[in-house]
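On a predicted model such as this, the values are computed, not experimentally measured, just so you know. In what follows, chains carry the letters A, B, and so on, assigned in the order in which the sequence lines appear, proteins first and then strands, with residues in each chain numbered from 1.
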Amino acid sequence: MDVSYLLDDLNDAQREAVSAPACNQLILAGAGSGKTRVLVHRIAWLIQVEHVSPHSIMSVTFTNKAAREMRGRLEDLLDGNLLDSNLVGNSRSMWVGTFHGIAHRLLKAHWKILNLPQNFQILDSDDQLRLVKRVCQTLKLDETKWPPRQAQSYINSQKDEGQRPQYIQAGGDPYAVTMLQIYTAYEEICRSGGLVDFGELLLRAHELLLNNPDILQHYQRRFPFILVDEFQDTNTIQYAWLRVLAGNTGCVTAVGDDDQSIYGWRGAKIENIQRFTDDFKQSQTVRLEQNYRSTGLILKAANGVIQNNFGRLGKELRTDAGDGEPLSLYAAFNEHDEARFIVESIQQWVKEGNRYDSIAILYRSNAQSRVLEEALLRENIAYRIYGGQRFYDRLEIKNALSYLRLLVNNNDDTAFERVINTPTRGIGGKTVEQIRLFARQEGCSLWDSAQRMVDEKILTPRASGAVNVFLQLIRQLQVQTLESSLDEQADKVIKQSGLYEFHKNEKGEKGQARAENLEELVNACRAFNPNDLATQTDQEQQEDAPLLVQFLDSASLDAGEGQADEFDDAVQLMTLHSAKGLEFSRVFMAGVEENLFPHRMSADDPERLEEERRLCYVGITRAMVKLTISYAETRRMHGTENFNRVSRFVKEIPSDCISEVRLKTQIQRPLGYNKQSYKKPSNASLQEKGEDSGYYLGQKVTHAMFGDGAITHFEGQENNMRVQVNFVNEGSKWLVLQYANLQAL
DNA sequence: CCAGGACACGTTTTT
DNA sequence: CGTGTCCTGG
């Protein structure tokens, strides 16, 4: 059998990883080093050379997008080259999915032993927050003192750490005591209502294996080969689950990059990748350091920055490509100047024959996008913002899905509450509260409670009528869509419930957009094919659930990225976090200033600072051809002017990689402009400070080394006072007044 | 029900 | 400054 296609076109390190005889393997894959390719070829190698049945392989990712890509590329590779068609068919029996998707599947298969209802509901973070709010109300907690959001994140981080409430020691700490109280009550509601949040999926999947030796043994035999992508992003419970599942016999291939670990703040443990070789015995480590994405100078800059981190597993990117253009650094006066500069550079780049969609503008925080958008809008440049609200999280979509969920299961209280008065049908909060109360008394669902309150005439005639209309509507839809296809079903539901009209009539462009999204949902239903799911169905599952149920489950676990509106040729705007995994010919990193990047909140904790540095490394390595870094000397944040210095990360870039962009015209900042922006500073006026010093804004001065210039900013007081001077020949500089020895002109 | 005002808040985000 | 949330009065 000719398997050369599996190793052709790979470099030495890649070949070593693909053909490794070792059981456990850690693949440290630098940015742009062909990671997915290696992973896919490794799986194909196992199947074709090691004769591992696809049935025995599990491949785990973090996002559905990654899972889909993995399966797609694997099928492409195998379809073209596998002669044994039996194996091709079998490749579908491999499990490829997200941690959550696979956990969900385990819970679905073993619902009985887990004491879950067969049709347990998945709570997304929105549902979860509503529930936490209700718990706080029930416990009569002051919402201002104990914000439900905080409680929610407490619960989630406890679950990420594998902590059940009964094992948490609150001690005498009133914060911990209250949080624990909420957690405990929340969990009780979830248990009795058959509700499972995202963290619970992982926690239950872990407990399932831990507490049931026979089930564990079954899966250990079934999956002797496990591959995990983005291993540096695993959290405590995911790592624990993997260790249990692998046991002493399973072979784990972990692919990741400790230098790209940027999700510590949501529970990811970089330690997991660092301790892999200790916990998974006799593993071999392969480093993929050859980069196929960026020019030499971009990589040199990236390496220069990341080498300032301690405790790295060690890796240095290299390329056969030439140096390329140096990085550019632009010191803007303020965020508007920065945006203007970026837009002009974009226009220039496009004039040189490049497309808009080869460009990305990356920033640390979402708030930065507004000014950039305005500048793009002014010049009529199409742009797309990544990572806004996700499709299945949108209000109108959640409403539509709630109707569908009610059709499947009348007793779905979360869905019931959501749509009983959406669109408005005269059922107010008081009526709903009564229904809720009665349900609690009788220990029944909201649906049953509502039905009985109508039947037994407990409600006022008016409320009763309205509630009955709602109950009838749902029943009617149930009957009418019995024979319908999924998309017909969705279409009928959104139209006949009045949801479509309701959203369409919302004022402004919002109505239009929401109506379009609802139509898009129908399209998504039409396109839905359970076989496309990254997690496949197989014989172990007793019987296939109805299509609608499968669709709803997949909607709960998938952001629905495909449904986002995409422009053809647009500049891409996104945070540095959402840029991970992507690449662009031309990258702008904006707002690279102290206090913004690294963010103020991370600056004094060394570990968090290192994570910021990794984020910077991620940003730099997105660029293929040209990287431009910019920062603003003045930036308006939260309504006040901030004077930030260039980020320490810029100083970590070797100086021969980067060239500073000079202003095209000197005295770019007309003094009137500056004065204007200083008209309304609050009491501690900067102008006053300036006057204290004997200098004034706009003052022409001369400096022994830098020549002539004009004062544009003041900062600090007395001995620490610094002034910013825009020099005719040297550009703008901050100087400590005490030492600068300026001469007034 | 909804418009409008007071008020709080202000990294990063997937499932 | 800007946005989102909550509350109130019509």
Side-chain angles (χ1 to χ4, degrees), chain A residues 60-67 97-104 122-129 133 143-144 147-150 153 156 159-160 196-203 205 230 233-235 237-238 261-268 335 362-371 373-374 386-390 392-393 421-429 502 506-507 534-535 553-561 574-581 591 595-603 605 608 611-612 614-616 618-619 635-642 677 680-682:
Chain A
V60 196
T61 61
F62 275 86
T63 65
N64 290 292
K65 195 174 152 205
T98 64
F99 277 101
H100 292 85
I102 287 171
H104 176 244
I122 299 170
L123 284 186
D124 64 24
S125 21
D126 191 60
D127 299 332
Q128 188 187 34
L129 183 61
K133 269 187 187 157
E143 285 208 6
T144 52
R149 276 194 183 283
Q150 206 174 331
S153 86
N156 288 336
K159 289 195 177 192
D160 283 347
V196 175
D197 62 39
F198 291 131
E200 187 74 16
L201 284 169
L202 302 175
L203 206 42
E230 305 280 19
D233 289 339
T234 51
N235 64 27
I237 192 73
Q238 286 160 339
S261 165
I262 56 175
Y263 287 112
W265 51 274
R266 66 177 198 211
E335 67 271 28
L362 310 182
Y363 36 79
R364 176 69 233 276
S365 71
N366 286 308
Q368 288 170 256
S369 76
R370 213 193 79 248
V371 175
E373 285 182 72
E374 284 166 3
Y386 260 68
Q389 214 190 10
R390 288 159 312 153
Y392 289 116
D393 279 347
N421 199 33
T422 311
T424 44
R425 44 176 74 87
I427 304 173
F502 173 72
E506 282 183 82
K507 61 167 186 183
T535 307
D553 279 342
S554 93
S556 306
L557 292 171
D558 189 344
E561 286 210 42
M574 67 192 83
T575 62
L576 287 152
H577 281 90
S578 28
K580 193 172 76 151
N595 295 328
L596 184 57
F597 188 31
H599 198 276
R600 185 188 289 111
M601 314 213 71
S602 307
D605 175 351
R608 294 177 69 177
E611 184 156 306
E612 297 275 324
R614 293 192 288 270
L615 192 55
C616 183
V618 166
R635 182 181 297 273
R636 199 167 191 103
M637 291 166 84
H638 320 314
T640 46
E641 300 284 350
N642 292 79
S677 65
K680 49 180 153 170
S682 36

What interatomic distance, in whole Å, is found between C1' of B/dT12 and the corresponding atom of C/dT5?
22 Å
Could you check how far CZ of A/Arg266 sits from C1' of B/dT12, rounded to whole Å?
9 Å
One character per nucleotide, please: for nucleotides 2-8 of chain C, 5' to 3', B when the base has a protein heavy atom closer than 4.0 Å, S when only the sugar-phosphate does, - otherwise.
SS--S--
One pair to check against salt bridge (charged side-chain N to carboxylate O under 4.0 Å, His left out): A/Asp124 and A/Arg390. What are the steps and the verdict?
CA-CA 12 Å; A/Asp124 64 24; A/Arg390 288 159 312 153; over 6 Å; no
Please write out each protein N/O paired with an N/O of nucleotides 1-7 of chain B under 3.5 Å, distance rounded to 0.1 Å.
| residue | atom | partner | partner atom | Å |
| --- | --- | --- | --- | --- |
| B/dC1 | OP1 | A/Asn421 | ND2 | 3.4 |

With distance as the sole test, does A/Asn421 use its side chain to make a donor-acceptor pair with the main-chain N or O of A/Gly428 at under 3.5 Å?
no
Measuring from the side chain of A/Ser365 (C-beta onward, heavy atoms only), which nucleotide among B/dT12, B/dT15, B/dT13 has the closest atom?
B/dT12
Closest to the A/Arg636 side chain: C/dC1, B/dT11, B/dT13?
C/dC1
Do A/Trp265 and A/His599 make the cut of ring centroids closer than 6.0 angstrom?
no
Quick one: which of B/dT11, B/dT14, B/dT13 gets closest to the side chain of A/Arg390?
B/dT14
Of the options B/dT11, B/dT15, B/dT14, whose atoms approach the side-chain atoms of A/Arg608 most closely?
B/dT11
Starting at CG of A/Asp126 and ending at P of B/dT14, how long is that distance when rounded to a whole Å?
15 Å
With the stacking rule set at 5.5 Å and 30°, tell me whether A/Trp265 counts as stacking on B/dT12.
yes
Choose from B/dT13, B/dT11, B/dT15 the nucleotide whose nearest atom is closest to any side-chain atom of A/Thr63.
B/dT15
Go through B/dT15, B/dT14, B/dT11 for me and flag the one nearest to the A/His100 side chain.
B/dT15
Whether the side chain of A/Glu611 engages the backbone of A/Gly264 through a donor-acceptor N/O pair (distance < 3.5 Å, no angle test) should be reported.
yes
Could you pick out which residue, A/Phe99 or A/Glu611, lies toward the 5' side of DNA chain B when each is mapped onto its nearest nucleotide?
A/Glu611
Treat a base pair as Watson-Crick or G-U wobble with both distances under 3.5 Å, then lay out DNA chain B in dot-bracket form, 5' to 3', with | for cross-strand pairs.
||||||||||.....
Indicate, with a heavy-atom threshold strictly under 4.0 Å, whether A/Asp233 touches base, sugar-phosphate, or nothing.
nothing
For the side chain of A/His577, starting at C-beta, report the closest nucleotide among B/dT12, B/dT11, B/dT15.
B/dT12
Starting from C1' on B/dT14, measure out to CG on A/Asn64 and report it in whole angstrom.
9 Å
Whether A/Asn595 contacts B/dT11 is assessed here as follows: a side-chain N or O lying under 4.0 Å from the phosphate OP1 or OP2. Is that the case?
no
By the 4.0 Å heavy-atom rule, please label A/Gln238 as base, sugar-phosphate, or nothing.
nothing
Could you tell me the separation between the CD1 atom of A/Ile262 and the C1' atom of B/dT13, rounded to a whole number of Å?
10 Å
Just compare B/dT14, B/dT11, B/dT13 and give me whichever is closest to any side-chain atom of A/Arg364.
B/dT11
A/Ile122 CD1 - B/dT14 C1' separation (whole Å)
14 Å
Position toward the 5' end of DNA chain B (nearest nucleotide), A/Gly639 or A/Leu201
A/Gly639
Can A/His599 be said to stack with the base of B/dT11, given centres closer than 5.5 angstrom and planes under 30 degrees apart?
yes
